[in-house]
Engineer: 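Below are the structure tokens for one structure; questions will follow.
Just so you know, these numbers come straight off a predicted model, no measurement behind them.
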Amino acid sequence: VQLQASGGGLVQAGGSLRLSCVASGRTFSHYAVAWFRQGPGKEREFVASIKFSWSVNYADSVKGRFTISRDDAENTVYLQMNSLKREDTAVYYCAGKLGSWSTILAEYEYWGHGTQVTVSS
């Protein structure tokens, strides 16, 4: 499966952005999809993941601010990011794997190119 992330940009602290991850090539609904991010000088970290609408998981740092969702008819996973903080500045990547969701980067087989999110004060 091929993944394409988009929707990043420059936003002021407190603002919102919605990222999209569009998949092609395989039966999308079979895949769990996650968002990871990599900030300047930092390792790539887990942000959120989804398999079914009722099966989602978030990093503690984004709980209550970010919402992950999917539209299998459109082969798309979204990450709605509200109340953005400067520390959310990073390149955001979407990733896919068969089976249930995971927070572990190494378990994801498929990766899209990242999209830059920059939060200014």
Side-chain angles (χ1 to χ4, degrees):
V1 62
Q2 292 81 44
L3 302 174
Q4 179 66 49
S6 63
L10 174 64
V11 64
Q12 287 190 329
S16 298
L17 281 175
R18 188 176 78 159
L19 306 184
S20 299
C21 176
V22 179
S24 61
R26 298 287 177 90
T27 305
F28 182 61
S29 61
H30 292 175
Y31 289 79
V33 177
W35 289 94
F36 290 82
R37 67 185 181 186
Q38 188 164 15
K42 298 180 181 180
E43 294 187 352
R44 197 170 297 188
E45 64 177 4
F46 170 79
V47 176
S49 61
I50 185 169
K51 179 59 186 294
F52 304 107
S53 59
W54 62 88
S55 179
V56 298
N57 192 38
Y58 297 95
D60 288 343
S61 59
V62 306
K63 278 181 182 176
R65 300 187 299 121
F66 290 12
T67 302
I68 190 170
S69 61
R70 68 189 297 160
D71 183 343
D72 288 340
E74 297 294 329
N75 281 6
T76 303
V77 169
Y78 301 100
L79 185 68
Q80 178 66 43
M81 305 186 296
N82 299 329
S83 303
L84 282 161
K85 305 175 181 180
R86 287 193 66 186
E87 51 263 44
D88 295 318
T89 294
V91 178
Y92 284 72
Y93 300 87
C94 61
K97 66 182 292 291
L98 286 170
S100 59
W101 57 257
S102 170
T103 64
I104 301 172
L105 184 150
E107 293 188 5
Y108 285 85
E109 304 173 73
Y110 306 99
W111 289 83
H113 295 294
T115 184
Q116 175 71 48
V117 172
T118 303
V119 184
S120 64
S121 57

Engineer: With Lys42, which residues qualify under salt bridge (charged side-chain N to carboxylate O under 4.0 Å, His left out), at least two apart?
Structural biologist: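 Not a single residue meets the salt bridge (charged side-chain N to carboxylate O under 4.0 Å, His left out) criterion with Lys42.
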Engineer: Going by side-chain contact (heavy atoms from CB on, under 4.5 Å), name the residues that satisfy it together with Val117, two or more places apart in sequence or in a different chain.
Structural biologist: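 Counting only residues at least two positions away or on another chain, Val117 forms a side-chain contact (heavy atoms from CB on, under 4.5 Å) with Leu17, Leu19, Met81, Tyr92, Val119.
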Engineer: So which pairs with a foot in residues 48-86 pass ring-ring contact (aromatic ring centres under 6.0 Å, His included), sequence neighbours left out?
Structural biologist: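 Residue pairs with at least one partner in residues 48-86: Phe52-Trp54.
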Engineer: Provide the closest heavy-atom pair for Val33 versus Phe28 in the form atom of the first, atom of the second, distance.
Structural biologist: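 In this case the closest contact between Val33 and Phe28 is CG2-CE1, 3.8 Å.
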Engineer: Enumerate the salt bridge (charged side-chain N to carboxylate O under 4.0 Å, His left out) contacts for residues 73-90, please, sequence neighbours excluded, ordered by first and then second residue.
Structural biologist: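 Those involving residues 73-90 are Arg37-Asp88, Arg65-Asp88.
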Engineer: Please determine whether residues Ile104 and Leu98 belong to a single hydrophobic cluster, defined as Ile, Leu, Val, Met, Phe, Trp and Tyr linked transitively by side-chain heavy-atom distances below 4.5 Å.
Structural biologist: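 Hydrophobic grouping puts Ile104 apart from Leu98.
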Engineer: Closest approach of Ser83 and Ser16, non-hydrogen atoms and distance?
Structural biologist: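 In this case the closest contact between Ser83 and Ser16 is N-OG, 4.4 Å.
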Engineer: Between Gln116 and Ala90, which heavy-atom pair has the shortest distance, and what is it?
Structural biologist: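 In this case the closest contact between Gln116 and Ala90 is NE2-O, 3.4 Å.
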Engineer: Return the set of residues passing side-chain contact (heavy atoms from CB on, under 4.5 Å) with His113 (not counting sequence neighbours), or none when no residue passes.
Structural biologist: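 In terms of side-chain contact (heavy atoms from CB on, under 4.5 Å), with neighbours along the sequence ignored, His113 is linked to no residue.
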Engineer: Who else is in the cluster with Leu105 when I, L, V, M, F, W and Y are joined by side-chain contacts under 4.5 Å?
Structural biologist: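 Members other than Leu105 - counting any ILVMFWY side chain reachable under 4.5 Å - are Phe36, Phe46, Val91, Tyr93, Trp101, Tyr108, Trp111.
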Engineer: Could you identify which residues cluster with Val22, counting Ile, Leu, Val, Met, Phe, Trp and Tyr as linked when any side-chain heavy atoms lie under 4.5 Å apart, either directly or through a chain of such contacts?
Structural biologist: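 Its cluster mates, by chain and number: none.
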Engineer: When rounded to the nearest 0.5 angstrom, what distance separates OG in Ser49 from CG in Leu79?
Structural biologist: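 Going from the OG atom of Ser49 to the CG atom of Leu79 covers 11.0 Å.
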Engineer: Looking at residues at least two apart in the chain, or sitting in another chain, which of them share a side chain to side chain donor-acceptor pair (under 3.5 Å) with Ser20?
Structural biologist: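 Not a single residue meets the side chain to side chain donor-acceptor pair (under 3.5 Å) criterion with Ser20.
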Engineer: Kindly compute the distance separating CD (Gln2) from OG (Ser24), expressed to the nearest 0.5 Å.
Structural biologist: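 Output value for this atom pair is 4.5 Å.
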Engineer: Identify, with sequence neighbours excluded, every residue that meets salt bridge (charged side-chain N to carboxylate O under 4.0 Å, His left out) alongside Glu109.
Structural biologist: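 Scan of Glu109 (salt bridge (charged side-chain N to carboxylate O under 4.0 Å, His left out), adjacent residues dropped) gives none.
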Engineer: Could you tell me which residues satisfy side chain to side chain donor-acceptor pair (under 3.5 Å) with Ser120, sequence neighbours excluded, listed by chain and number?
Structural biologist: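 None.
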Engineer: Quick one: disulfide (SG to SG under 2.5 Å) pairs with a partner in residues 35-106, sequence neighbours left out?
Structural biologist: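 Sorted pair list: Cys21-Cys94.
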Engineer: Go through the structure and list residues passing salt bridge (charged side-chain N to carboxylate O under 4.0 Å, His left out) with Asp72, not counting sequence neighbours.
Structural biologist: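 Result, salt bridge (charged side-chain N to carboxylate O under 4.0 Å, His left out) vs Asp72: Arg70.
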Engineer: Show the nearest heavy-atom pair for residues Ala23 and Val1, with the distance to one decimal.
Structural biologist: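 Heavy atoms only, the tightest pair is CB-CG2, 3.8 Å.
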